[in-house]
Amino acid sequence: MNTFIGRTRELGGLQGLLEETRSGQGVLVSMRGRRQVGKSRLVSEFVEAAGVPSAFFTASRQPATVELTQFLEAARTGGIE
């Protein structure tokens, strides 16, 4: 895998959110932006370094109710990466 360089500010923001979860409350992080700017890579690198359980779901252009139903089903059955 290529070396991950940069994104210090973004990684710090994610680390701050992770620290907030130490109180026992979960956090949902939603990320959006232009295609091919490294959103998925940023999350993958952060989760790997943090060593915490996570669920990763990539949205599509389906109606929100369909996506939410698919996400909940995948979470229920353990089908989320």
Residues pairing under salt bridge (Lys or Arg N to Asp or Glu O under 4.0 Å) where one sits in residues 55-66, two or more places apart or in two chains, turn out to be none
Contact between L42 and L14 at the side-chain level, heavy atoms closer than 4.5 Å - yes or no?
yes
Residue pairs passing the salt bridge (Lys or Arg N to Asp or Glu O under 4.0 Å) test with at least one member in residues 6-15, sequence neighbours excluded, are none
Sorted by chain and residue number, the side chain to side chain contact (heavy atoms under 4.5 Å, CB included) partners of L18 (sequence neighbours excluded) come out as Q15, T21, R22, F46, A50, V52
What pairs of donor and acceptor atoms, side-chain ones from residues 32-40 against any protein atom, are under 3.5 angstrom apart with sequence neighbours left out?
from: K39; atom 1: NZ; to: G33; atom 2: O; distance (Å): 3.4
from: K39; atom 1: NZ; to: R34; atom 2: O; distance (Å): 2.6

* Should M31 and L17 be regarded as members of a common hydrophobic cluster, given that ILVMFWY residues are connected when their side-chain heavy atoms come within less than 4.5 Å of each other, either directly or indirectly? -> yes
Those residues at least two apart in sequence (or on a different chain) that pass side-chain hydrogen bond (donor to acceptor under 3.5 Å, both in side chains) with E20 are none
Residue pairs meeting side chain to side chain donor-acceptor pair (under 3.5 Å), one or both in residues 62-71, sequence neighbours left out, come to S60-E67, Q62-Q70
